[in-house]
There are 6 protein chains.
Amino acid sequence: MLPSYVQRKTGFLGAGEDYEQARAVLVGLPMDYTVSLRPGTRFGPQQIRYISYGLELYSPYQDRSLAELSYYDAGDVFLPFGNVTESLRRIEEAAETLFAAGKFPLFLGGEHLVTLPLVKACVNHYADLVVFHFDAHTDLREVFEGEELSHATVLRKVAKLLPPRSLYQFGIRSGVKEEFEYAARETHLYLEEIFPALHQAVQEVQGRPVYITLDIDVVDPAFAPGTGTPEPGGCTAREIMEAIFTMKDLQVVGMDLVEVAPAYDPSERTTILAAKLVREALLAFVK
Amino acid sequence: MLPSYVQRKTGFLGAGEDYEQARAVLVGLPMDYTVSLRPGTRFGPQQIRYISYGLELYSPYQDRSLAELSYYDAGDVFLPFGNVTESLRRIEEAAETLFAAGKFPLFLGGEHLVTLPLVKACVNHYADLVVFHFDAHTDLREVFEGEELSHATVLRKVAKLLPPRSLYQFGIRSGVKEEFEYAARETHLYLEEIFPALHQAVQEVQGRPVYITLDIDVVDPAFAPGTGTPEPGGCTAREIMEAIFTMKDLQVVGMDLVEVAPAYDPSERTTILAAKLVREALLAFVK
Amino acid sequence: MLPSYVQRKTGFLGAGEDYEQARAVLVGLPMDYTVSLRPGTRFGPQQIRYISYGLELYSPYQDRSLAELSYYDAGDVFLPFGNVTESLRRIEEAAETLFAAGKFPLFLGGEHLVTLPLVKACVNHYADLVVFHFDAHTDLREVFEGEELSHATVLRKVAKLLPPRSLYQFGIRSGVKEEFEYAARETHLYLEEIFPALHQAVQEVQGRPVYITLDIDVVDPAFAPGTGTPEPGGCTAREIMEAIFTMKDLQVVGMDLVEVAPAYDPSERTTILAAKLVREALLAFVK
Amino acid sequence: MLPSYVQRKTGFLGAGEDYEQARAVLVGLPMDYTVSLRPGTRFGPQQIRYISYGLELYSPYQDRSLAELSYYDAGDVFLPFGNVTESLRRIEEAAETLFAAGKFPLFLGGEHLVTLPLVKACVNHYADLVVFHFDAHTDLREVFEGEELSHATVLRKVAKLLPPRSLYQFGIRSGVKEEFEYAARETHLYLEEIFPALHQAVQEVQGRPVYITLDIDVVDPAFAPGTGTPEPGGCTAREIMEAIFTMKDLQVVGMDLVEVAPAYDPSERTTILAAKLVREALLAFVK
Amino acid sequence: MLPSYVQRKTGFLGAGEDYEQARAVLVGLPMDYTVSLRPGTRFGPQQIRYISYGLELYSPYQDRSLAELSYYDAGDVFLPFGNVTESLRRIEEAAETLFAAGKFPLFLGGEHLVTLPLVKACVNHYADLVVFHFDAHTDLREVFEGEELSHATVLRKVAKLLPPRSLYQFGIRSGVKEEFEYAARETHLYLEEIFPALHQAVQEVQGRPVYITLDIDVVDPAFAPGTGTPEPGGCTAREIMEAIFTMKDLQVVGMDLVEVAPAYDPSERTTILAAKLVREALLAFVK
Amino acid sequence: MLPSYVQRKTGFLGAGEDYEQARAVLVGLPMDYTVSLRPGTRFGPQQIRYISYGLELYSPYQDRSLAELSYYDAGDVFLPFGNVTESLRRIEEAAETLFAAGKFPLFLGGEHLVTLPLVKACVNHYADLVVFHFDAHTDLREVFEGEELSHATVLRKVAKLLPPRSLYQFGIRSGVKEEFEYAARETHLYLEEIFPALHQAVQEVQGRPVYITLDIDVVDPAFAPGTGTPEPGGCTAREIMEAIFTMKDLQVVGMDLVEVAPAYDPSERTTILAAKLVREALLAFVK
């Protein structure tokens, strides 16, 4: 037998090997075919896992360690490149399985369109669902370049799956006029600054199940350059971590972290930030 | 009026402004959604145009200048990202228009799947068509990850559009066993080396119309690193230029140059090589 | 005729094709031969245009869209590389033409020395001109390495063209002692922080015509790494946008945005920020 | 003889040629063999020197110039790669020589382990020494992966050389639980924010000699991406400069600046920041 | 249970999960602390595995597929960073285990010093061992910068473990004079060109067990830029593959592939070449 | 005094400190203001020196070591950025001093225009001078974009300084038609391939003094990507080294190596090749 210091790393830092016992499950969604600017988020999940080994298990912010937690990294959903419909079907089925099993799923994108099947599966199990959406872009179009299924339309479709005005949008700083008009009627949209809006929203949704969708481009490109459609004027790395801590006492039932594109991240700080957000989210939301 | 040295550059080096009179037409096809490895070829056409201004109009290899030629750069086909079917339809329609107008079209990819609608349109006008295929990969699968329409199946579909055994494949060095078996029966496939196979093929197809599809990854990644699926062991920059010159006296009726991915090309030498190949192809094939 | 989805992009996002009717005009000035550190700003104008297509026409900050505006992108001034005198002459002539035609010109550098001929032309038409200068560097030397015409002397020469103490300098954090002494006597220089100094300056210059020269290095290299002489300690992307909005009600008669160097910008966030500043400036200053 | 404008640059910007007269001495320590993540800090000293020529001698922040100062750049300690013990011995001997000669030494790393021999030599001459430690990481482990001598254990060993609770740690945001527990008992550790803790610490240590060890990763990766173990959530470039100014009136007797890794710094802003910190430190601490 | 298309990738392309049955075993050796130029080869093994998924299982060169082979990827030897002695002990122990179990081990470096413990273990089991060494550098020093254990001395120590003149060196183009003099007496060293020397060597060693150590820098930096000490003038990617095929009928008993440094490989072609060499070596040497 | 292992590196690998005794002298010429494509060669000389420490003093190709040679590195000519006339004057004066002192000067560019003052000074001392020119580009224009002094006109001006038809041009593969016509009448120009033309040229010029100007872009961008105007189709690294060896027995009286642009050389292989060519040239030409 090989000596014990010959080791195989699989999955995210600290992930266990037992799916059944795991309270939380990580799943990668390497889809990026409907994006309009820079593709390449398909490599996000794998790079986030890989880079996570540079972090500690322990968070001094929360005084809690991943070692206290039971979670499993299921790997990636294998997708037929270019087939949007079948890709979304598989993603929904995987999500459905996890929500049905009572797991806390944390999905790693991939492009933002994956949030549609994820919320579909989630709302199936949590009818009164609220979605907290962190993003630079509204993603609220009716159609985008002739297509209904697109990273630019995804939150509009999500909003329609939810109870009225149950979508909260933070950090937004780009979109077309119609999207902002739609938001004024149908969602809670906050321009640019995450705080203090988030504090108030947390009060408003007490007692309801919450799904979080976090597009890494909500963070300023100075702190997270490795993304498909960087938009100057975003929050800092500290602020997005603070956002996680602020939502700690909510009943968060699932989350995705999308749009990390390693090819535009030569210093690797975007994937490191993403990995740190995964750690903090697991520690904050998985009880 | 502004002084004459205030100038707007549009299109490839030396392109004229008159579509009707133009003998040749350049069209960009920024599609990259069915690729399985590194996407990003959608930025190929624009970067090839941009970098072309670093070249001369004159080719010392052929002692001929783009200034002697009338060609037009039509820009890019605007594509609905993620919608493969509609994208291929538009590309075919654009190609059909050009072949019908008797133009020599030169298409800039984008991913290799675009070659399918291009050859469809071409064979419509040139029934006895031969296709010369330069590539590291066979691209001859029946299906790829469950999909029939993919960069990995494109040449098999192309072969079926042509007269029997009218596909010639050069520089190939990757594929699954079934593809090579298919090739042994149905195409002319040459492993690794372009020469002397090309010399013989040129003899064989005298008198027939020829369409050329050139995947930049036929060239070794040392000379063309900026591509989606680099495969070591390819030809040199000199050899691929020599290949163009070797086909000079054939009746070449159209061409595509695909799979240039600027994000993996920090020194820009892949786009420079692509631009140089465009220049040499125009000078060699447009009489 | 080619289908309508075959499109040629020319110029900055949303630019129209009619120079005569245009209220504003963009001109690129690809000059970078007097810089002392990292050259390469000559590629700034073209990359800013190219990247602008990743933005929306609509600004949620100002609730206004480029679609409501008539502006023209004239391309670049063609320059004889290395000939400083002739280059400056051409730039001045182009600027003179635009001011004479009553256009709002927005110039994209290129190095900062281009501001000298631009202000020369401007002051010709607006005698009581004020210049607002955003920069990390004073650029106030008498001579620089034996040369009078240099990116490091340009604002001193500009100051002399204006009425007394009509140069306001914001964000400054580098220079030699003599420059700061000169500034104490002859200009309004504010160290490091743009606010609240800018608010006061805006009050002081009410009613006078204002020309804005914005060196991208006023922004911290975290937010704008792609520049020739990055200087840590600058403002954020949000702050420089806020600066634009703060000057909205002034009578701004022209502007330049200089020193964007794409080669040092692998994540492209500097050019994206520059393009966004162009959009916001057009929306703020072109009535 | 060659004309006087043929020049050889050696050492950091403005360094003199006379070691004996010099009040301060720069020494590079290109060691990086015990790091656990990204090596490459061995190139830090040379790149910091090289890039320093893009700065001015004069600091507008402090209204003082390096030209007023006498300092010498001794080059690098030549190290036997991979031999940790001998490397530390040489570094200590070099430091000992400098403290014995009454110089103000400023060391450029290299990895953080070098601080151990540096403080050993320093405490030899300044028994009541206080260490101010700026870092993202606690570096307080007892052992790290079986090793006692490591970048992750260095500050614990340093703490033991000092009088009780004479280690002050600022900007910390990563470590294992045991380190934070140790810190609670044995050091002064401040989570995340440098201010206002630093102001209070400066008061507490009045009259005692202070050694500063500054790991560049205390700064957020947005401002200093070029480092071995980037950790999101750090201070800005402005804040770390402000920290230097805040310590100006202390009796600072030596300093090191470590963990600059040029390979992860394509825009060079990390080395520029480091060079600027060297300038400001020399101007602030060398009287 | 999760759908079957949710998949976890571990190890190199096509590796099985059964160590006991495996004929060949891959082990990563992420050591890089004695290198004198650019460190970073510690990331080599992980990147080679990751990138291997872009290749096919099937080799058209050898008409054989990894699917026909039983091999296991054991992961990496966990090493105490900076502790050379303990690191080499662990590597030797791991190698000893594999040779004792009758496996064909293929080691992925890491720096070249790892070859010393590997050959030590190998020669223990194959007394009449020959070593074939592909490298740009002789690596034959007695001591290097005062150290006996170094990447620059490793082959000299290896030579002493073998029967007289049983080290064959190909592609060499750098070293000090003493090394070439030593080689003239004690090894078979071939300057620059691998062929035809390799053909002859293959004849000479028929019937003897052969260990192959392949430093990726034997290949020219045009084809393999991602390495610690690139040396212009090397072989092409085709030639190094040809070298593998040439040794096919030898009794190869183990191999290492070292010095792949991903940080200097932005186009990823060095790791792709390394992965391809691993595939071809497995197909050629594992019967 | 500091221990002897505290060391300062200045100048190229192995350079001595005594100008007077030195047989050869290196001088950097960091000029790049007349280039039309990518500037940045001003950083060439410094990076070539820096990277040279990764090489050995000994050349196995020539079995000779830099240790046997006496040469001095004078540093760079300090240039007024943007002032072409004064820059050329200084360069000529520096060259004149060196030729007058009987030194063998080796100049490191910088852009190719520097060759004009260098040859002017050289021909002053060697009336029967021959120039061997290695380049991808003819550089034979009469004027370039209205300018007589430009990197694109430099060799035409050089040709006029020499005896009739004393300019030999190797590796050329780009230019306008007029240049090739001029070359046909007035120079010896060889398209693409260096050999066998160089062998014959060496025969023809026996007994005459030879100056070598080597533009690094004569080498293919695969081997030397870090240059201003890369042109595919060039020679390999081996071939350019072979060219040096081929000229070994000529009476070479001076040399320049120009157009190395580090910003486009992320793997550093262009500067490494340049440094190796400097070593080989010194060993071949300095007797």
Side-chain angles (χ1 to χ4, degrees), chain A residues 1-12 15 17 19-20 22 25-31 42-43 45-47 49-51 53-54 72-80 83 86-87 89-101 103 105 107 121 262-268, chain E residues 1-12 15 17 19-20 22 25-31 42-43 45-47 49-51 53-54 72-80 83 86-87 89-101 103 105 107 121 262-268:
Chain A
M1 244 191 54
L2 282 164
S4 66
Y5 47 71
V6 183
Q7 299 177 344
R8 302 204 299 173
K9 277 182 198 164
T10 53
F12 193 85
E17 284 299 302
Y19 170 71
E20 297 303 332
V25 177
L26 264 69
V27 181
L29 306 172
M31 172 175 175
R42 65 180 61 179
F43 301 118
Q46 194 56 36
Q47 276 301 107
R49 284 181 185 107
Y50 179 50
I51 213 78
Y53 288 86
Y72 179 79
D73 185 342
D76 290 354
V77 174
F78 181 84
L79 299 171
N83 186 331
E86 172 63 12
S87 295
R89 198 197 61 72
R90 290 189 186 181
I91 291 169
E92 184 176 344
E93 188 178 31
E96 175 58 36
T97 307
L98 291 166
F99 284 117
K103 308 293 188 191
F107 303 97
Y264 296 92
D265 192 33
S267 74
E268 296 175 326
Chain E
M1 244 190 54
L2 284 164
S4 65
Y5 48 71
V6 182
Q7 299 178 343
R8 301 205 299 173
K9 278 181 199 166
T10 51
F12 192 85
E17 283 301 300
Y19 169 72
E20 296 305 330
V25 176
L26 264 71
V27 181
L29 306 172
M31 173 175 175
R42 66 179 61 179
F43 301 118
Q46 194 54 37
Q47 276 301 108
R49 284 179 186 109
Y50 179 51
I51 213 77
Y53 288 86
Y72 180 78
D73 185 341
D76 290 353
V77 175
F78 180 83
L79 298 171
N83 186 330
E86 172 62 11
S87 295
R89 198 196 62 71
R90 290 189 187 180
I91 292 168
E92 185 175 344
E93 188 179 31
E96 175 59 35
T97 307
L98 291 166
F99 284 115
K103 308 292 188 192
F107 303 97
Y264 296 92
D265 192 33
S267 74
E268 297 176 327

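Quantities reported herein were computed from a predicted structural model and do not represent experimental measurements. Residue numbers begin at 1 in each chain, while the letters A, B, ... track the order of the sequences.
- Scanning both residues, Pro105(E) and Leu98(E), for their nearest heavy atoms gives CB-CD1, 3.9 Å.
- Options Val27(A), Val77(A), Leu2(A) differ in how many heavy-atom pairs under 4.5 Å they form with chain E, and the most are formed by Leu2(A).
- Taking 4.0 Å as the cut-off between side-chain N and carboxylate O, Arg49(A) and Asp76(A) count as a salt-bridged pair.
- To the nearest 0.5 Å, the span separating CD on Gln47(A) from OH on Tyr50(E) amounts to 5.0 Å.
- Proximity to chain E is absent for every atom of Leu79(A), based on heavy atoms less than 4.5 angstrom apart.
- Annotation for Val6(E) and Ala74(A): closest pair CG1-O, 3.3 Å, computed over non-hydrogen atoms.
- Among the candidates Glu96(E), Glu17(E), Lys9(E), Glu20(E), the residue making the largest number of heavy-atom pairs closer than 4.5 Å to chain A is Glu17(E).
- For chain E, no part of Ala101(A) is nearby; none of its heavy atoms comes within less than 4.5 Å.
- With a threshold of 4.5 angstrom between heavy atoms, Phe43(A) approaches chain E through its backbone and through its side chain.
- The salt bridge (Lys or Arg N to Asp or Glu O under 4.0 Å) test with Arg90(A) singles out one residue from Glu92(A), Glu93(A), Glu86(A), and that residue is Glu86(A).
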